[in-house]
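Here is the naming used below: chain letters follow the sequence lines, and residue numbers restart at 1 for every chain. As the structure is a computational prediction, the values presented were derived from the model and not from experiment.
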Amino acid sequence: MKWTEFFIPTSKESPADAVVPSHKLMIRAGLVRQVCAGAYSYLPLGYRALRKVEAIVREEMNKAGAIELNMPAMHPIELWEQTGRVEAMGDVLVRLGGGTGDDWRSRTVLGPTHEEIITEHAKAYINSYKQLPINLYQIQTKFRGEARPKSGVLRTREFLMKDAYSFHVAKEGPGGLDEGYEKMYNAYRTIFGRCGLPFVPVEADSGPIGGDASHEFMVPTDAGEDYLVESQDKTYAANLERAEVAPLEGSASTGTAELTEVPTPGLATIDDVSEFLNCKPRQMIKTIIFKADEEPLVALVRGDHEVNESKLRRAAGVSSLEQATPDLIEKLTGANVGFAGPVGLECRIIADQAVTLMQDAITGANKTDHHITGVNIGRDFEIKESADIRTAVEGDKAPNGSPLTFKKCIEIGHVFKLGTKYSAALDATCLDSKGKPKPFIMGCYGIGLNRIMAAAIEAFHDDKGITWPMVIAPFQVVICALDTREEEVNTLSQKIHDELEALGIDVLLDDRDARPGFKFKDAELVGFPLRITVGKKGLADGTIDLQIRRSGESEKLPPEAVVPRVKDLVEEAINSERTDL
RNA sequence: CGGGGCGUGGCGCAGUCUGGCAGCGCACCUGGUUUGGGACCAGGAAGUCGCAGGUUCGAAUCCUGUCGCCCCGACCA
């Protein structure tokens with residue numbers, strides 16, 4: 001391919017709107033163009049990279065025994081009503097509008113994911129356990145009504161996703177969900193590893209969609225929105241939403257201070273009260289009231305800690321959990337919001353592990369505009385249930401005692417053990433070996449392809465531009481033909497181009513009539529892993545320049561040595577850049 | 001949804017406070033010179049100043065409404 005016959009709109013300046021590196025570089029290198037909030041066109045160069053990611057994903061999914069199909073973006077809302085997800089997804093579910101009443105548009109949604117559709121298909125066609133296990137996948141455009149798209153292609157309303165769904169008749173044993181999950185987990189490692197990404201698999205929170213196990217694949221980068229929590233000894237990694245912490249050191253004991261009620265007029269926050277009473281937030285007990293499965297539930301954490309709702313939900317063994325309304329809080333405590341405390345509260349209370357070590361604490365008095373000091377466990381109130389229900393913070397340790405570190409990261413893949421949530425809701429069953437109908441036991445497995453591409457750029461760029469991994473670079477090699485008016489330069493450039501192309505190497509010939517510096521800057525911005533420079537200056541002493549983008553190393557070679565050397569470097573990079581081996 | 005910012009040629013911006021010819025840099029077109037690290041000279045094309053209404057002799061500029069985009073937060077199967 002010749003540059004002058006291709007379409008690469010590079011730009012020296014990045015748009016003011018772009019904040020994260022991948023966004024800036026994707027626009028400057030002419031990979032994408034924004035059409036509206038959360039929707040991007042992939043320009044030819046960007047599309048090439050995306051297609052390469054797609055090819056790797058497809059290849060590894062096929063290798064893992066998954067079978068590709070394609071499902072529509074348009075779904076009948078009825079299926080979503082049956083699984084209760086119209087309400088659960090809320091505004092995230094994109095609905096066609098413009099119709100009136102019950103016309104087809106208002107009964108149609110654009111799929112954010114395909115559990116409902118695939119389960120319907122399984123219900124229709126899979127009648128016997130003998131047809132199981134099976135894993136069906138697609139690579140398809142998804143729509144989600146994200147409230148706030150951001151960071152370029154990292155969070156969009158329309159994106160390309162590989163979604164796979166596995167069906168099983170049992171959890172354990174050959175052909176069971178556990179085995180299918182393991183296969184996908186390993187396929188994901190291979191996929192991200194082949195892409196050269198510095199990925200970390202972590203325990204994830206399976207969230208309100210249910211299911212009993214889940215892992216996310218994270219790539220550390222400041223542009224991310226999630227937090228990766230890792231133990232220093234690298235034996236533990238989890239999403240911040242999920243990360244468990246070891247109990248703090250120390251033993252419980254009762255303090256000596258008298259229980260004293262103090263007026264705290266209008267001071268309803270931890271910060272206000274601690275400042276007013278001249279104490280530290282960590283001396284206070286934060287009392288948060290929830291509505292859990294329609295019952296009130298009180299969570300106690302230290303003033304400098306945050307309640308982690310997913311951990312609390314698991315610890316409490318409830319399925320729904322939401323913050324209580326002011327009405328409920330006032331009814332329960334008899335005080336305005338901000339003055340709740342555990343002393344004298346008649347209700348299920350779960351205390352965080354760290355709270356059990358506190359003494360002479362300060363809490364709300366369950367009386368508007370009052371707090372109490374000198375609160376002690378055992379003497380002033382009982383803790384019947386305690387658990388790890390707070391979000392990990394700097395200084396915490398992993399369950400094995402190794403200190404935790406925190407990194408921002410983006411999620412590029414997610415695997416779930418779904419169980420029977422969808423098959424049960426849609427009454428999708430097959431007959432087991434005893435002839436009894438059983439709901440399918442399911443797993444689902446997603447990869448955001450656009451995010452792989454963006455994550456690669458986040459992970460691999462420098463101040464000059466992108467430094468693509470070899471396997472997803474839109475072109476593996478660029479030939480900068482300097483002095484394009486020299487016949488020898490042109491014929492030799494073209495010859496090298498043709499020979500590389502014949503070897504199956506993706507090569508772009510920069511045949512523009514431009515000055516050398518201009519071409520080099522563009523080549524570095526776009527980030528071709530290898531650059532061949534053919535110019536009359538080099539040819540004068542019979543050499544051609546070959547430069548490696550990432551390392552900046554360059555070598556001078558006689559013309560006939562260039563093609564074999566490039567071939568070697570391409571192969572070497574494909575292997576050495578892998579991160580899963 | 002709450003808070004903040006911004007809409008002026010393809011891109012980056014000035015001009016808005018204090019109403020009076022719509023400007024600059026990059027990119028683009030023509031001609032010439034130039035060619036191993038984003039060249040130079042000369043000429044040129046390109047803008048309903050987001051949109052609608054209002055005030056005014058006159059609006060990018062003032063007023064009202066509205067739409068869009070970005071950032072922080074909330075939310076995120």
Side-chain angles (χ1 to χ4, degrees), chain A residues 9-20 23-24 27-28 30 33-39 80 83-94 109 111-116 118 142-152 154-157 159 161 163 165 204-211 214 216 223-226 239 241 309-310 322-323 410-411 414-416 418 421-422 442 444-446 448 464-465 480-486 489 510 512-525 531-541 543-545 547 552 554 556:
Chain A
T10 60
S11 139
K12 213 186 288 188
E13 283 167 309
S14 54
D17 283 347
V19 175
V20 302
H23 189 199
K24 288 183 186 170
I27 288 175
R28 286 192 55 207
R33 180 173 173 83
Q34 185 177 16
V35 174
C36 60
W80 289 82
T83 56
R85 285 217 288 181
V86 172
E87 193 172 72
M89 300 206 59
D91 289 339
V92 172
L93 195 59
V94 177
V109 304
T113 175
H114 281 67
E115 282 85 5
E116 279 78 1
I118 197 77
K142 297 283 186 279
F143 298 86
R144 293 186 190 178
E146 293 290 352
R148 188 155 90 82
K150 56 183 285 199
S151 307
L154 283 175
R155 184 161 210 87
T156 53
R157 294 192 175 134
F159 57 95
M161 180 166 162
D163 46 323
Y165 307 89
D205 182 56
S206 48
I209 69 155
S214 172
E216 285 170 340
E225 309 179 85
D226 293 320
N239 188 315
E241 291 168 3
E309 291 187 26
S310 15
E322 54 186 307
Q323 294 234 2
I410 56 181
E411 175 193 348
H414 203 156
V415 291
F416 280 101
L418 284 176
K421 179 180 163 88
Y422 295 95
M442 295 171 56
C444 76
Y445 319 93
K464 295 178 188 142
C480 287
L482 310 184
D483 317 299
T484 52
R485 287 165 208 177
E486 297 287 327
V489 168
D510 187 351
R512 294 175 297 176
D513 181 17
R515 296 166 68 89
F518 186 84
K519 292 189 172 194
F520 294 156
K521 291 288 183 193
D522 261 357
E524 281 154 353
L525 173 61
R531 186 183 87 200
I532 296 166
T533 306
V534 183
K536 65 180 175 190
K537 197 166 156 185
L539 292 183
D541 53 334
T543 63
I544 281 174
D545 209 63
Q547 194 171 72
S554 68
K556 291 190 185 307

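- The base-pairing partner of U56(B), taking Watson-Crick or G-U wobble contacts with both distances under 3.5 Å, does not exist among the strands shown.
- The side chain of E13(A) approaches G12(B) more closely than any other nucleotide in the set U35(B), G12(B), G36(B).
- Residue A88(A) is classed as having no contact, given no heavy-atom separation below 4.0 Å to the nucleic acid.
- Mapping A37(A) and F518(A) onto RNA chain B by nearest heavy atom places F518(A) closer to the 5' end of the strand.
- K521(A) places its NZ atom 14 Å from the P atom of A27(B), with the value rounded to the nearest Å.
- For the C1' atoms, the distance linking A60(B) with A52(B) amounts to 16 Å, nearest Å.
- Rounded to an integer number of Å, the gap from CZ of R512(A) to C1' of G38(B) is 11 Å.
- Separation of the P atoms belonging to G9(B) and G15(B) is 15 Å when rounded to the nearest angstrom.
- Residues V19(A) and D522(A) each lie close to RNA chain B; by heavy-atom proximity, the contact nearer the 5' end of the strand is made by D522(A).
- Checked by atom type, the side-chain pair E13(A)/S11(A) shows no donor-acceptor distance below 3.5 Å.
- The same atom, C1', is picked in U56(B) and in C63(B); the two are 12 Å apart, to the nearest Å.
- Checking C70(B), G12(B), U34(B) against every side-chain atom of D17(A), the shortest atom distance belongs to C70(B).
- You'll find that the side chain of L525(A) is closest to G38(B), out of A74(B), G38(B), G36(B).
- Atom CG in D513(A) sits about 14 Å away from atom C1' in G32(B), given to the nearest Å.
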How far apart are the C-alpha atoms of K519(A) and L482(A), what are their side-chain angles, what is the distance that settles it, and do they pass the side chain to side chain contact (heavy atoms under 4.5 Å, CB included) test? CA-CA 8 Å; K519(A) 292 189 172 194; L482(A) 310 184; 4.2 Å; yes

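- For the pair E146(A) CD and C69(B) P, the interatomic distance rounds to 14 Å; values are reported in whole Å.
- Among the heavy atoms of the strands lying under 4.0 Å from R28(A) is at least one base atom, whether or not backbone atoms are also near.
- By the 4.0 Å N-to-carboxylate-O rule, E225(A) lies close enough to K150(A) to be salt-bridged with it.
- No donor-acceptor distance shorter than 3.5 angstrom exists from the side chain of R144(A) to the backbone of V92(A), with no hydrogens or angles considered.
- I27(A) has its CD1 atom 13 Å from the C1' atom of G10(B), to the nearest Å.
- Within the nucleic acid shown, C36(A) comes within 4.0 Å of sugar-phosphate atoms alone, with no base atom in reach, counting heavy atoms only.
- Here, U66(B) and A22(B) have their P atoms 30 Å apart, quoted to the whole Å.
- Residue D91(A) is out of contact with every strand shown, counting any heavy-atom pair closer than 4.0 Å.
- Looking at K142(A) and D163(A), a side-chain N of the basic residue comes within less than 4.0 Å of a carboxylate O on the acidic one, giving a salt bridge.
- Comparing A14(B) with U8(B), their P atoms sit 11 Å apart, to the nearest whole Å.
- When both pairing distances are held under 3.5 Å, A42(B) makes a Watson-Crick or G-U pair with U30(B).
- One can place CZ of R485(A) at 10 Å from P of G32(B), the figure rounded to the nearest angstrom.
- A salt bridge does not link D483(A) to K537(A): none of the charged side-chain nitrogens sits closer than 4.0 Å to a carboxylate oxygen.
- Here the nucleotide nearest the side chain of K12(A), chosen from G36(B), C26(B), C13(B), is C26(B).
- When rounded to the nearest whole Å, the span between CZ of R33(A) and P of G10(B) equals 9 Å.
- Counting non-hydrogen atoms under 4.0 angstrom, T83(A) reaches nothing in the nucleic acid.
- Using a 4.0 Å heavy-atom distance criterion, G90(A) is classed as making no nucleic acid contact.
- A donor-acceptor contact under 3.5 Å is not formed by the side chain of R148(A) with the base of G3(B).
- R157(A) comes within contact range of no nucleotide atom at all, as no heavy-atom separation falls under 4.0 Å.
- Look at K150(A) and you'll find a side-chain N or O under 4.0 angstrom from OP1 or OP2 of C72(B).
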For a salt bridge (charged side-chain N to carboxylate O under 4.0 Å, His left out) check, start with the C-alpha distance between K556(A) and D541(A), then their side-chain angles and the critical distance, and finish with the verdict. CA-CA 10 Å; K556(A) 291 190 185 307; D541(A) 53 334; over 6 Å; no

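- Within the nucleic acid shown, T484(A) has no heavy atom closer than 4.0 Å to any nucleic acid atom.
- In this structure, the nucleotide among G37(B), G38(B), A39(B) sitting nearest to the side chain of Q547(A) is G37(B).
- Nearest to the side-chain atoms of Q34(A) among the listed nucleotides G37(B), A74(B), C70(B) stands C70(B).
- Which of U35(B), A74(B), G12(B) sits closest to the side chain of P15(A) comes down to G12(B).
- A straight line from CG of D510(A) to P of G36(B) spans 15 Å, rounded to a whole angstrom.
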